[in-house]
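The chain is numbered in sequence order, starting from 1. All ligand and atom numbering here is 1-based and tracks the order in the structure.
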Amino acid sequence: LAKLNNHTRFQFYVASIDQEIRDRKQMEKDLTHAIENQEFHIVYQPQINLETKRIIGAEALLRWVHPEHGFVAPDKFIPIAETSGHIVSIGKWVLEQACKQVAQWAAAGSHLRIAVNLSAVQLRQNSIVEDILACIAKYQIPPGRLELEITETSFMTNITDAVAKLHQLHRAGISIAVDDFGTGYSSLTYLKKMPVQHLKIDKQFIQDLLVNEEDTRIANTIIDLGRSLNLTVIAEGVETEEQEHYLTQRGCKLAQGYFFSKPLLPDDFEKFVKTFHANIVENNA
Ligand code: C2E
Ligand code: MG
Ligand code: MG
Ligand code: MG
């Protein structure tokens with residue numbers, strides 16, 4: 001009986017792995033047509049300067065609404081798009097939309113910058129620097145209005161190649177942020193080698209910032225590291241006034257999170273910017 005049970009369990013296990021592989025394969029297939037079927041859109045999450053309380057720009061975040069399954073979380077489909085290679089064309093599409101948006105804001109007199117997530121797979125492409133520069137040229141965007149968010153995994157495969165490309169982008173005036181800082185294979189060596197200007201404290205350290213002493217110390221350490229290496233620190237996932245207050249008095253310069261706003265559709269983002277700034281003027285009057 002024990003044997004039978006083991007056998008059953010084993011079959012069940014195989015069945016679920018099998019299902020997972022099939023789901024993955026199906027998702028890969030669905031991603032192939034997602035761009036042309038217009039299933040993607042971008043939402044913009046405001047980034048706030050904690051000293052001036054002004055919006056400095058936004059992070060562009062990709063959304064996929066699948067025709068049958070509805071909303072699919074980026075944490076679910078981006079890793080699959082990375083292994084299948086779809087992230088290259090998807091990333092290009094995101095960059096283009098983001099640049100177009102910045103140009104529209106600029107035309108409306110709003111000098112906001114945009115932060116775009118750049119996958120390690122995209123950074124490995126030979127034409128990536130050329131593609132990015134062509135995109136900002138096409139929309140006539142001042143390079144300083146574009147920030148690329150990269151994660152620590154970008155440095156893991158071919159650090160020399162990554163350094164060279166980031167230097168080219170930096171020399172062109174584009175700024176680079178290390179996303180999810182502290183969650184990957186952090187090394188201070190690459191921070192020295194990389195032309196990086198911003199460190200983003202991962203939201204997992206912000207969530208319990210005022211509850212968990214370890215998280216407080218980690219956040220403090222990243223803020224101090226930023227100060228000594230002359231890097232601007234940005235906290236992500238700020239959800240409460242207490243967190244905002246703590247980060248502000250601790251000297252963290254920038255923040256984003258649900259406390260200010262969730263990621264917004266372009267029209268809602270523009271409305272948000274207007275009312276947010278109108279409220280500051282009112283409060284200071
Ligand atoms: P990320 O770049 O670290 O983005 C921050 C994530 O935190 C976003 O999740 C955002 O919606 C979420 N967030 C913002 N404020 C809060 C908050 O106050 N509380 C909580 N709990 N969450 C908050 P999202 O949009 O689901 O994206 C997840 C990840 O998917 C991103 O993490 C990024 O790694 C990746 N991703 C999203 N869009 C793109 C893209 O266009 N290209 C690439 N390569 N990756 C992307
Ligand atoms: Mg990001
Ligand atoms: Mg992040
Ligand atoms: Mg993250």
Side-chain angles (χ1 to χ4, degrees), residues 31 34-35 39-48 55 57-65 70-101 113-125 128 131-132 135 146-154 175-184 186 196-210 215 219 222 232-244 247 252 254-265 268-269 272:
L31 281 169
I35 294 181
E39 291 163 13
F40 289 128
H41 68 273
I42 294 177
V43 284
Y44 298 87
Q45 186 173 42
Q47 297 185 322
I48 282 96
I55 297 164
E59 177 174 3
L61 292 158
L62 182 60
R63 294 292 175 259
W64 183 22
V65 183
F71 175 77
V72 188
D75 285 329
K76 202 162 179 194
F77 74 83
I78 299 263
I80 292 173
E82 284 179 326
T83 45
S84 70
H86 285 121
I87 194 67
V88 173
S89 53
I90 295 171
K92 235 181 225 167
W93 183 85
V94 171
L95 185 74
E96 171 123 22
Q97 301 309 305
C99 287
K100 207 187 274 179
Q101 188 60 71
R113 55 151 232 216
I114 196 92
V116 176
N117 293 285
L118 190 75
S119 157
V121 177
Q122 288 177 274
L123 191 62
R124 281 205 292 271
Q125 298 294 303
I128 189 66
D131 291 347
I132 293 168
C135 196
L146 178 65
E147 171 150 292
L148 300 170
E149 297 192 358
I150 56 174
T151 56
E152 291 152 320
T153 43
S154 294
S175 67
I176 316 287
V178 181
D179 205 352
D180 306 340
F181 185 71
T183 61
S186 300
V196 159
Q197 292 78 51
H198 289 177
L199 290 183
K200 292 192 81 174
I201 309 177
D202 192 76
K203 60 177 181 290
Q204 81 171 69
F205 304 122
I206 303 298
Q207 193 145 25
D208 294 326
L209 180 67
L210 302 170
D215 289 341
I222 298 175
T232 307
V233 175
I234 170 158
E236 74 174 20
V238 177
E239 292 187 0
T240 69
E241 187 167 8
E242 290 74 27
Q243 292 165 352
E244 186 247 18
L247 291 163
C252 177
L254 305 173
Q256 67 186 84
Y258 299 165
F259 172 63
F260 303 103
S261 169
K262 63 182 205 287
L264 301 167
L265 291 168
D268 295 327
F269 180 82
F272 179 82

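- With a 4.0 Å heavy-atom cut-off, ligand 1 is reached by the side chain of Asp179 but not by its N, CA, C or O.
- Proximity to Ser119 (heavy-atom distance under 4.0 Å) selects the following atoms of ligand 1: 44 (N).
- Within ligand 1, the atoms closer than 4.0 Å to a non-hydrogen atom of Pro263 are 11 (O), numbered from 1 in the order shown.
- A donor-acceptor pair is defined here as one N or O able to donate and one able to accept, closer than 3.5 Å; no such pair exists between the side chain of Glu236 and the backbone of Lys200.
- Between Asp268 and Leu264, the shortest heavy-atom contact is O-CD1, 3.8 Å.
- When Gly91, Pro74, Ala98, Ala60 are checked for heavy-atom proximity to atom 27 (O) of ligand 1, Pro74 turns out nearest.
- Counting heavy atoms only, Tyr258 comes closest to atom 17 (C) of ligand 1 of the residues Phe260, Tyr258, Trp64.
- Atom 31 (C) of ligand 1 has its nearest heavy-atom neighbour, among Ile87, Leu61, Val121, in Leu61.
- Proximity annotation for atom 6 (C) of ligand 1: of Lys203, Glu236, Gln256, Lys203 comes nearest, heavy atoms only.
- Using a 4.0 Å cut-off between heavy atoms, Asp180 contacts ligand 1 through its side chain alone, with no backbone atom that close.
- Annotation for Gly237 and Ile206: closest pair O-CG2, 3.6 Å, computed over non-hydrogen atoms.
- Checked against the Mg ion (ligand 2), the N, O or S atom of Glu149 at the shortest distance is OE1.
- Rounding to the nearest 0.5 angstrom, the gap separating the OG atom in Ser154 from the CG atom in Leu118 is 6.5 Å.
- Residue contacts with ligand 1 for Asn117 involve both N, CA, C or O and side-chain atoms from C-beta outward (heavy atoms, distance under 4.0 Å).
- Shortest distance from the Mg ion (ligand 2) to Glu59 is reached at OE2 (N/O/S atoms only).
- Checked against the Mg ion (ligand 3), the N, O or S atom of Asp179 at the shortest distance is OD1.
- At least one N/O/S atom of Asp180, whether from backbone or side chain, sits less than 2.8 Å from the Mg ion (ligand 3).
- Short contacts between ligand 1 and Gly257, defined as distances under 4.0 Å to a heavy atom of the residue, involve ligand atoms 15 (N), 18 (O).
- Ligand-side atoms of ligand 1 in range of Gln45: 14 (C), 15 (N), range being under 4.0 angstrom from any heavy atom.
- The Mg ion (ligand 3) has an N, O or S atom of Glu236 inside 2.8 Å of it.
- Contact analysis puts Arg63 in contact with ligand 1, with a non-hydrogen atom separation below 4.0 angstrom.
- Listed here is the closest heavy atom pair of Val233 and Ile222: CG2-O, 3.7 Å.
- Rounding to the nearest 0.5 Å gives a distance of 10.0 Å between CD of Glu59 and CZ of Arg113.
- Looking at residues two or more places apart in sequence or on another chain, you find no side-chain hydrogen bond (donor to acceptor under 3.5 Å, both in side chains) involving Ser261.
- Selection from Glu82, Gln207, Lys200, Glu239 by nearest heavy atom to atom 19 (N) of ligand 1 gives Glu239.
- For ligand 1, the polar-atom distance check against Leu62 finds a nitrogen or oxygen pair separated by under 3.5 Å.
- A distance of 7.0 Å separates CD1 in Ile234 from CD in Glu149, rounded to the nearest 0.5 Å.
- With Gln197 contributing its side chain and Ile176 its backbone, the two residues share a donor-acceptor pair below 3.5 Å.
- Heavy atoms only, all atoms of each residue included: Gln122 and Lys92 are closest at NE2-N, 4.0 Å.
- With sequence neighbours left out, Ala98 forms a side-chain contact (heavy atoms from CB on, under 4.5 Å) with Ala60, Ile114, Val116.
- When heavy-atom distances to ligand 1 are checked against a 4.0 Å cut-off, Ala73 has no atom that comes that close, whether in backbone or side chain.
- Scanning both residues, Phe71 and Arg63, for their nearest heavy atoms gives CE1-CD, 3.3 Å.
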